[in-house]
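Here is the naming used below: chain letters follow the sequence lines, and residue numbers restart at 1 for every chain.
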Amino acid sequence: MAKIEGLLLGVLLVSALSCSNDVEMPNTYHLNYLAQPTDVEASADGGVVRVSWQIASAEHVAGFVVSFTDPVGKEETRPVADPAARSYENASLNIESGSVYLVQVWTVDQLDFFGPRSVADSLFVP
Amino acid sequence: MCMRWVMVVLSGMLLLAVCQPLQAQEPAAKRFTVRGHFVSRSQAIALSTVFPGLGQLATGHRYRGTALVAAEVGCLVVWLTAHEDYNTQSTQFDIEVERYFSLRDGGSFEAAKESWKRLSDKKDSLDRSHLLRQVFGVMAVAVYGYNLLDALVFDGSEPSEPSEPVAEKSFSIGPMGGRDVTGLALVARF
């Protein structure tokens, strides 16, 4: 009888302790993968919009995305396929005179993963 | 529709009419009998092995037996609930991990950051559930162990002292014997 009870107690103890917490956090891929563009400056002159930026590291960068957000909040994006590009010019952008746009730039890799957005710069269209 | 209801009512009445005489033929005393005397020490130990507190209740240790049964049931309920909760959250965590990695292809840093935050929250919940189920699992084992210790070493399997209310007067458990069924009966008298 004592053996059976010992066995039962052992089984209970083992089953209670054997519930291991084997769930681990996955490896992060999004941190420090693509650099965030800095020093974003936008200007508009004679219907031509010019945006420039800097980036600390071009590792994994396949290109850039430049976004223009109008006062209503509607966002328009333009891709820049060159990873070495540090500026963007567009004369055919549909922007209204007298409006203020927010301009942001972010990187993109080969798998179309977007990096962190830059700090927005205001663009006043005369 | 009406005819169907009539048939249902008639069938019910017929069933009642058939069943009642069958029950009446078998007196209550024959169908359900509880032993009036205490169980032996080995029987009490066997009952305590089956579930904590049963042996103590059978030998008349009413308060100790009730406390052990309640403690074991409580610990098992919390343990099982935490275990199920852990499994559910673990599944949700796996789904979120898949979502996080799917963002690698065509997602964005901001979406991945949000997904990572959700993963961290779920991991915290998982850890809490795991801790809860481990604590209450060990407590359930501890109650079971104490119950065995009480039945084997202490006087848990001996008939209770006169100072403690005896089982016959208020609370008793014992083998149930009948013509067709056998089992255990727990009887409370008020």
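- Residue B:F93 comes nearest to A:P26 through the heavy atom pair CZ-CD, 4.3 Å, listed as atom of the first residue, atom of the second, then distance.
- Here the closest non-hydrogen pair linking A:D109 and B:R104 is OD2-NH1, 2.9 Å.
- For the ring pair (Phe, Tyr, Trp, His ring centres under 6.0 Å) criterion with A:Y29, the lone passing option out of B:F109, B:W116, B:Y100 is B:Y100.
- Hydrophobic cluster membership is shared by B:F136 and B:L80, with clusters built from Ile, Leu, Val, Met, Phe, Trp and Tyr side chains linked at under 4.5 angstrom.
- Heavy atoms closer than 4.5 Å to chain B are found in the backbone of A:N27, but not in its side chain.
- Between B:V97 and A:E24 there is no side-chain heavy-atom pair separated by less than 4.5 Å.
- Under a cut-off of 6.0 angstrom, the local environment of NZ in B:K113 is sparse, with at most 12 non-hydrogen atoms contributed by other residues, nucleotides or ligands.
- B:E110 has its side chain out of reach of A:F114: every pair of non-hydrogen atoms, C-beta onward, lies at least 4.5 Å apart.
- In plain terms, the two heavy atoms of B:L126 and A:V23 that are nearest each other are CD1-CG1, 3.5 Å.
- Both B:M139 and B:F51 are part of a single hydrophobic cluster, where members link through side-chain heavy atoms under 4.5 Å apart.
- Contact of B:D127 with chain A is made through backbone and side chain together, with heavy-atom distances under 4.5 Å.
- If you chain together hydrophobic residues whose side chains sit under 4.5 Å apart, A:V105 and A:L93 fall into the same group.
- For CG of A:D45, the number of neighbouring non-hydrogen atoms (other residues, nucleotides, ligands) closer than 6.0 Å is 12 at most.
- Note on B:L132 and B:V77: same hydrophobic cluster, where clusters join Ile, Leu, Val, Met, Phe, Trp and Tyr whose side-chain heavy atoms are under 4.5 Å apart, directly or indirectly.
- Residue contact with chain A, scored on non-hydrogen atoms closer than 4.5 Å, involves the backbone and the side chain of B:L103 alike.
- Note on A:F68: it clusters hydrophobically with A:V40, by side-chain heavy-atom contacts below 4.5 Å among ILVMFWY residues.
- Residue with the most contacts toward chain A among B:S90, B:S129, B:G107: B:G107 (heavy-atom pairs, distance under 4.5 Å).
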